[in-house]
Every structure is written in structure tokens, then in C-alpha cells.
Amino acid sequence: MSKIIVKKSPPLKGTIRVNGSKNSILPILAASLLSKEKCILNEIPDLKDVEVMCEVLTSLGADVKRKKRGIIEINSYNIDNYEAPYELIRKMRASFLVLGPLLARLGRARVSMPGGCAIGSRPIDLHLKGFKALGAQIDATGGYVNAYTEKLTGNTIYLDFPSVGATENIIMAASLAEGEAVIENAAEEPEIVDLANFINNMGGNIIGAGTKTIRIKGVKELHGAEHTVIPDRIEAGTYMIAAAITNGDLRIENVLTSHIQPVIAKLREAGVYIHENGDHVRVNANHILKAVDIKTLPYPGFPTDMQAQFMALLSVSKGTSLINETIFENRFMHADELKRMGADIKIEGNSAIIKGKNKLAGAPVSATDLRAGAALILAGLIADGETEITNIHHIQRGYAGIINKLKNVGAKIDLIEA
Ligand code: UD1
């Protein structure tokens, strides 16, 4: 089994460049199915999740070409298959995002139910509610969602919770519908805005992305487009914590600071110095940090995808911190792993109480999900001795080049391939 070995490292110093956003790329790749013309996507990192989404598109009949580093060309002229089978969908939940585009393009889709995952049951009821409101007939039995429609028609859809995936899937389905669809209580994440910008570049008519009310006027056809995805705000936040936890000094490039204000605010509250400067940030610390309380919320609140990494930081910050996780019901799996390294964490329902320790100790630990894996690397950087992280395929899903990026700024980290 491949593993990552992290040894206690000196304060990290130097420059790290952030990649294009994983959570933007996945829906944008799905949205390329909406057009019969060629789409070109830039700033696409080498990630397992991107590979899986490309496999899904190929299985549907799209011609997907990886050009020189970071560019993908997709031609979806020949979409001739409307079924995305279990073997593909089970690899990555986000591949369920092909349902909206398939329905819009072919009037028919059969996509395996994504099922649960380590961080919670993650239902799809809001996606289906949206498709039904647009006029699709849905049969969700036998492990598959079968969706049919003669035509999709705009309607008003209220989301009981501002689900990111449901907002994206509905936007894509509504882009080729007849008339106007309105999503109320929509997710406001920057990745939604990026998706809407891409579809608008293709000739779509979406306004209000980034607010709670999104209006999508359906168009007859979408043409090809070229698009550069936004920087990954979670990757940026993770490296900001790498600087903070090691008392280092990092310049992090390709960052849109407006997208990570809650992370910046909480780091400053903990005592980290952050200098925002155009498309980069400088993050440094030279003392023991303070405990802070965190509550995860939909954007623009504190992102659940930064919760695990913050827990690692708070494990060695002075005082007692409280983390309240309100997005996913089971997203504290990393707490047990951090405890193996000596952290003092108590879980009560959806809250974690963290008493900061002076130090952690390296231990064999397991990455239970993507962000949990990142949290263990961060903890390993300051733990005495050696931390051996297994189940690292989770980390490879979302952090392209993490080993080299950290090594280049002084981290003692190695990938041991099986
Ligand atoms: C996306 C992100 C993920 C991030 C999450 C929340 C991608 C590829 N993934 O996931 O990294 O952690 O947003 O910011 O962009 N829910 C329902 N019914 C539904 C859909 C969701 O109840 O139909 C619930 C989920 O169970 C969860 C909450 O809504 O408790 C948030 O889920 P959602 O916003 O949909 O997350 P994803 O789009 O899956």
C-alpha cells in the first residue's frame, strides 16, 4: 500500500502556487456535455477526480483530450450513451453531476445513485426535486436514477438547503430548457459562479450566480467555449495552515482572497500574520497560536472543506477551541487519527472540543477522506518523529503535486509507492 511519510519539519519558507479549483473543474467538465462544439479548459491539475470525470465523459461518447499540461479539450458532439454506470459513479460522487446535462441534451439519463460516503449519507433529493420541477419524470429505484423528459421547462425551485451539487445540476439542466428557471435559496459558492460564467461563455443566459436567487433563461443551443477555472480556495487555505502550523513564512500564489475571507479571518484571530496582495498572500507566524471557535456554514460562511485542516492547527494552539460542523453529519473521522498523534479532542454530536497541546507525536494514521488526509499531513509537519499516512488515494483526489510543493518549501515529506 502506498503511503506518505512526514517528519517533523522546520518552519516552511518559500513560494507555493495554487492549482485550478477541483470543485469548479468537475461541474464544468460535466457542463461541456451541454454543447455539440469543442470546449477548451485551462488550469486543470493532474488529479484523480479529474481523471474519473474525464472517464465518465468518455463513456458517454465525448472525445476528451488532455493537451499539454493543464489543458483539456472536450468535444461532446457524439454523445450517444445516456447511462453512467455504478462502476464509474461509485469512484466519485461528483460524477452524478452529469445527470443534469444529459437530461438537457438527450432528454434521458440513467445514472447510478452515488450513495453515501465517509463524511455522511449525502442524499440527492434536492437534485431530483429540481429535475422534477423542470418537467422530468424520475424513477429512482434499483440503485439507479432514471430520468426522462419530452422537454424541460423553466420553473421556480426552492432548495430546502443551499446544496452546491443540486444548484449546479439544476443550472445545467435549465440552461437548455424552455423559458426561465429560478433557483431560490441557491448555493452561493464561487464554484457556482465559475460554472455560470462558463455556461454564459457558451451562449447561456444565467444571472444571479453567487447570490441566493439564480435565474436561468434556457437557450436552444450552447456553442463551444474556452474557460480558465478559478484558483482552488481550499488548496490555498490548506497551504496557509501549513505556514501557520510550522511557524513558517509562505508566499502563496494564484489566490483569490475574496473567496477565502472566513479562513483568513480565523487565521488572523488565531494570531497568524496575513498580507493580502492582489493574486497572492503572504502568511507567516512566529509564536504559539491561540484557540479559536469555528462553525462551518454554506458560503460565504466558513467552509466545511477547511474544517479538518483547522482542527490540526487547533490541536497545537493555546487554549480550548470549539468546532461546530453544520454541513455534514459525520465529518469528524480525522479527530480519531489526530488523537493517535496525541491531540486532545472530544466529539459531542456535531461539535468537537479541542484542548491545545504543546506538541504532537508522529504515529501511523489513515486518511479517512480527502481533507482529513491533508489535516494529517499538516499535523505530521510539527509532530515529533515520523507520521506514516496510509489510504493516501484520498489525498491524491484533490491535491496535485502536494509532496513536491511542500518539499520545495522545506517540508520533510516523502511518497512511498507500493
Ligand atoms: C460540494 C463539494 C464538497 C463540499 C460541499 C459543501 C464538490 C465536487 N464538492 O459537495 O467538497 O464539502 O459541496 O461545501 O463541489 N444535501 C441534501 N440533499 C441533496 C444534496 C445535498 O440533503 O440533494 C445535503 C448533504 O447531505 C450535505 C449538505 O446538503 O449535508 C451539503 O451538500 P452539498 O452542498 O450538496 O455538497 P456537494 O455538492 O456534494
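Note that these values count all heavy atoms, side chains included, but never hydrogens, waters or copies made by symmetry. Counting begins at 1 with the first residue of the sequence. Just follow the structure's listing: the first ligand is 1, and inside any ligand the first atom is 1.
Residue contact check for ligand 1: Glu329 places no non-hydrogen atom closer than 4.0 Å to it. Look at Ala166 and you'll find every heavy atom at least 4.0 Å from all atoms of ligand 1. For Arg331, the closest heavy-atom approach to ligand 1 falls below 4.0 Å. For His127, the closest heavy-atom approach to ligand 1 falls below 4.0 Å.
Here atom 30 (O) of ligand 1 lies nearest to Ile327 when heavy atoms of Leu370, Ile327, Thr326 are compared. With Val164, Ile25, Ile234, Thr296 as candidates, the residue nearest to atom 1 (C) of ligand 1 on a non-hydrogen basis is Val164.
Remark: Arg110 is not positioned above the aromatic ring of Tyr82, lacking an NZ or CZ atom under 6.0 angstrom from the ring centre and at most 45 degrees off the axis.
Ionic pairing of Asp414 and Lys407 is present here: one or more N-O contacts between side-chain nitrogen and carboxylate oxygen are shorter than 4.0 angstrom. One finds a salt bridge joining Glu73 and Lys38 here, because a Lys/Arg side-chain nitrogen approaches an Asp/Glu carboxylate oxygen to under 4.0 Å. With respect to the salt-bridge test (charged N to carboxylate O, under 4.0 angstrom), the residues Lys295 and Asp293 do not qualify.
Here is the list of ligand 1 atoms found below 4.0 Å of a heavy atom in Thr304: 6 (C), 12 (O), 14 (O). Within ligand 1, the atoms closer than 4.0 Å to a non-hydrogen atom of Gly165 are 35 (O), 38 (O), numbered from 1 in the order shown. Close approach of ligand 1 to Arg93 is summarised as follows: ligand atoms under 4.0 Å from at least one heavy atom of the residue are 39 (O).
Scanning for ring pair (Phe, Tyr, Trp, His ring centres under 6.0 Å) contacts around Tyr399 gives an empty result, with sequence neighbours left out. For Asn197, the side chain to side chain donor-acceptor pair (under 3.5 Å) criterion is met by no residue, not counting sequence neighbours.
Pro45 and Gly20 make their closest contact through CG-O, 3.7 Å (heavy atoms, listed as atom of the first residue, atom of the second, distance).
Counting heavy atoms closer than 4.0 Å to ligand 1, residue Asp125 contributes atoms from both its backbone and its side chain. Of the heavy atoms in Glu168, none comes closer than 4.0 Å to ligand 1.
Side chain of Glu325 to backbone of Ile327: a donor-acceptor contact under 3.5 angstrom is found.
For the residue pair His334 and Gln307, a side-chain donor N or O sits within less than 3.5 Å of a side-chain acceptor on the partner.
Close N/O approach between Asp305 and ligand 1 is found [any backbone or side-chain N/O within under 3.5 Å]. Annotation: Leu26 places no N or O atom under 3.5 Å from an N or O atom of ligand 1; distance criterion only. Annotation: Ser163 places an N or O atom under 3.5 Å from an N or O atom of ligand 1; distance criterion only.
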